[in-house]
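To keep things clear, I will list the structure first and then write my remarks on it.
Note that the coordinates shown come from a computational prediction; the quantities given were computed from them, not determined experimentally.
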Amino acid sequence: MKLGFERIKDALKGVTAESTSEGKKEHVEEKRQVDEEEIQKVRSEEYKHETSEETKMEFKKTGLEPGDGSLSPADRNEAEKTGLIFFPAFDWAISPTHPEREERLLYTRDQIFEEGLMDLPEIAEYKPRLADYRDIARVHFCVPDIKAQATIPHLIAAGSCLVLGDALMKGEVKNAFALVRPPGHHAMTVAHGNRGFCNINNEAILVEYLRKKYGVRRIAIVDTDVHHGDGTQEIFYNDPDVLFISFHQDGRTLYPGSGFINELGGPKALSRTINIPLPPATPDEGILYVLDSLVLPILKDFKPELVLNSAGQDNHYTDPLANMRFSAQGYAKLNEKLAPDLAVLEGGYAIQSALPYVNTGIILAMAGLDYSCVREPDFKPGMFVQAARDRQVLEEIVAAQLENWRNRDRLVKAEVAKHGDFYRRKKQIFYDTDMIQESQEETIRMCPDCQGYKTIDSRAHRSIGDTRIFGVSIPIYACDNCQAEAREEYRKRLNNPEYEYIYLQDKKEDEYRSYNTRTKQEKIN
């Protein structure tokens, strides 16, 4: 499946004479064999992961080394390379014919190797590793435990993001792209099962890892998946230091049915959530207009230390699960303008007609190379035009969200004044893959000295019975009073028979506890 990119050849400055067509094919086969052997090594071990030390032993068995925590942030201005990781997750799929399967990355990987992109001096390929259970517990209350929700492929996908995060912070690369699966942006704080093809949230795990290990505080996440990133939004909804921007097909026309402009964040984080619901059939012109007119100005004003991209590719005009009109050229241009520090693959299910082209364009754009020759075989410039009525809708959304952003401090002050010591909201969450209906009450401590701790009372309704849990989450920048209050909330629930599991997520101390009220056993990650 040659793309026929004549001008890509001009970019391959570092390719040696051995990079003939036959040599490339042999390289592809060797690479596939190495990847499969490595996955088999991972699968052959019994990963118990009960403590951080046991996890380190498992890393040693597989030859995949975890970070030692000794790294410090580096000046990345001198870095010249773009870091890449491929992890197709050979042994994970919801079903053999499900859209979310290994072929999503196999076509892309083979094409990129065949075209010689991995031989470019501007590209550095990294090997994946597993995330530690503590990395997962830093973000999620997994029910009943992490092992039930995060398979080895999930741990490797999340761990791959952490590898690239380390490479970025060490100054080895100027930016990086994790081409991994399973995806994660629909996974919320509480994980009862799979929803939207997601069990754990790779990008949220990356954010909290960077915060804990490197002290990064202000982070922006721009979600370009066609589906609203409701999981990432929920996880950081009350965090004023994380700016979450999502543009996606209007939730009235597509799963998960959320992501409207009135979803602005919790009381202390109003306008740190910016949703841009796009009309179906929005082409490159419309999405790039939103980027230039709204996203980039807000990012410039927010001044994040890092910009992350939830790089969903299902806005493409051939994607079978959505109704948008974005092209490979549009994706590459978006990436060039956004210039994310780290990109993490999310959705995208046009396996042959979109992903090889889109991923090639994104990689070239991140590497600062010419991507003008990257085009789908059936694409013709001008084949999709922005409807006048849809342009008006976009202009109204941009105007409204810019107004919300400019008035964010006033909005926060007014909203905080409405509440006493606590802010509460109730939610209904549907797990479309596992057919679970969750009822949730979230409570935020309205602390005058920090963003406050959070508690979640969650009941999952299944056909075979209900599961009720209680989770307490302490943010990494919590004040001492909130940390003490939150730990007391955890202790008070331990003997409450209404709950099956009680969780404590203390990000400040990096300590994560789970208590089974039936067995009276507590685990510490």
Side-chain angles (χ1 to χ4, degrees), residues 220-230 232-233 237 243-265 269-304 307 309-317 319 322-340 347 365 379 381-412 414-415:
I221 303 171
V222 181
D223 191 316
T224 55
D225 193 280
V226 77
H227 304 92
H228 175 230
D230 57 340
T232 311
Q233 172 176 300
Y237 203 65
L243 172 65
F244 176 70
I245 302 176
S246 176
F247 53 80
H248 46 267
Q249 186 173 321
D250 193 320
R252 293 171 297 181
T253 66
L254 194 68
Y255 177 88
S258 57
F260 302 107
I261 63 172
N262 64 334
E263 299 168 31
L264 289 170
L270 282 171
S271 292
R272 272 66 170 190
T273 293
I274 302 291
N275 282 304
I276 308 147
L278 303 170
T282 298
D284 295 356
E285 175 190 346
I287 294 177
L288 295 175
Y289 163 73
V290 166
L291 183 73
D292 290 335
S293 304
L294 178 62
V295 177
L296 295 181
I298 288 178
L299 286 174
K300 183 179 180 181
D301 200 14
F302 183 67
K303 297 180 178 61
V307 176
N309 176 208
S310 286
Q313 300 173 6
D314 32 15
N315 280 294
H316 194 267
Y317 64 89
D319 196 274
N323 312 102
M324 301 296 274
R325 296 291 181 264
F326 215 32
S327 72
Q329 280 290 301
Y331 271 107
K333 177 61 72 175
L334 181 152
N335 185 277
E336 181 182 44
K337 287 172 172 282
L338 182 62
F379 180 77
M383 65 188 293
F384 301 117
V385 178
Q386 179 78 66
R389 66 181 182 279
D390 291 343
R391 176 61 180 242
Q392 183 178 352
V393 169
L394 295 182
E395 290 173 353
E396 291 171 355
I397 291 172
V398 167
Q401 292 291 38
L402 283 175
E403 186 69 13
N404 287 329
W405 175 253
R406 294 187 190 104
N407 293 318
R408 60 192 181 280
D409 293 337
R410 181 178 60 80
L411 292 173
V412 166
E415 186 65 23

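Annotation: the span from Ser271 atom OG to Ile298 atom CD1 amounts to 8.0 Å, rounded to 0.5 Å. Here the OG atom belonging to Ser246 is positioned 11.0 Å from the NE2 atom belonging to His227, to the nearest 0.5 angstrom. In this structure, CZ on Arg410 lies 10.5 Å from CG on Leu270, to the nearest 0.5 angstrom. A distance of 10.0 Å separates NZ in Lys300 from CG in Leu296, rounded to the nearest 0.5 Å. Here the straight-line distance linking atom NE2 of His248 with atom CZ of Phe260 works out to 7.0 Å at 0.5 Å rounding. The line from CG of Leu294 to CD1 of Ile276 is 4.5 Å long, rounded to the nearest 0.5 Å.
Annotation: side chain of Ile261 is not in contact with side chain of Asn404 (no heavy-atom distance under 4.5 Å). Residues Asn335 and Pro340 meet the side-chain proximity criterion, which asks for heavy atoms closer than 4.5 Å. Counting only heavy atoms from C-beta outward, the side chains of Gln386 and Tyr289 never approach each other to under 4.5 Å. Annotation: side chain of Phe302 is not in contact with side chain of Ile274 (no heavy-atom distance under 4.5 Å). Between Ile397 and Pro277, the closest side-chain pair of non-hydrogen atoms falls below 4.5 Å.
Applying the ring-ring contact (aromatic ring centres under 6.0 Å, His included) test to Phe384 and every residue at least two apart in sequence or in another chain returns Tyr317. For Asp390, the side-chain hydrogen bond (donor to acceptor under 3.5 Å, both in side chains) test picks out no residue, with sequence neighbours left out.
Leu288 approaches Gly330 most closely through the heavy-atom pair CD2-O, 4.1 Å. Across all non-hydrogen atoms, the minimal contact from Gln249 to Pro280 is NE2-CG, 4.0 Å.
With Gln401 as reference, Leu264 is the one residue of Val290, Leu264, Ile245 to meet the side chain to side chain contact (heavy atoms under 4.5 Å, CB included) rule.
Counting only distance, with no hydrogens or angles, the side chain of Ser310 and the backbone of Thr224 share no donor-acceptor pair below 3.5 Å. A side-chain donor-acceptor contact under 3.5 Å links Glu263 to the backbone of Gly259. Asp284 contributes a side-chain N or O that, together with a main-chain N or O of Ser327, makes up a donor-acceptor pair within less than 3.5 Å. Of the possible polar contacts, none joining the Asp314 side chain to the Asp319 backbone as a donor-acceptor pair under 3.5 Å is found. Side-chain atoms of Asn315 never come within 3.5 Å of backbone atoms of Met324 as a donor-acceptor pair (strictly under, hydrogens ignored).
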Legend entry - Arg406/Leu402 under side-chain contact (heavy atoms from CB on, under 4.5 Å): CA gap, chis, key distance, verdict: CA-CA 6 Å; Arg406 294 187 190 104; Leu402 283 175; 3.8 Å; yes
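Contacts classified as side chain to side chain donor-acceptor pair (under 3.5 Å) and involving residues 272-282 (residues at least two apart or in different chains) are given here: His228-Asn275, Gln233-Asn275.
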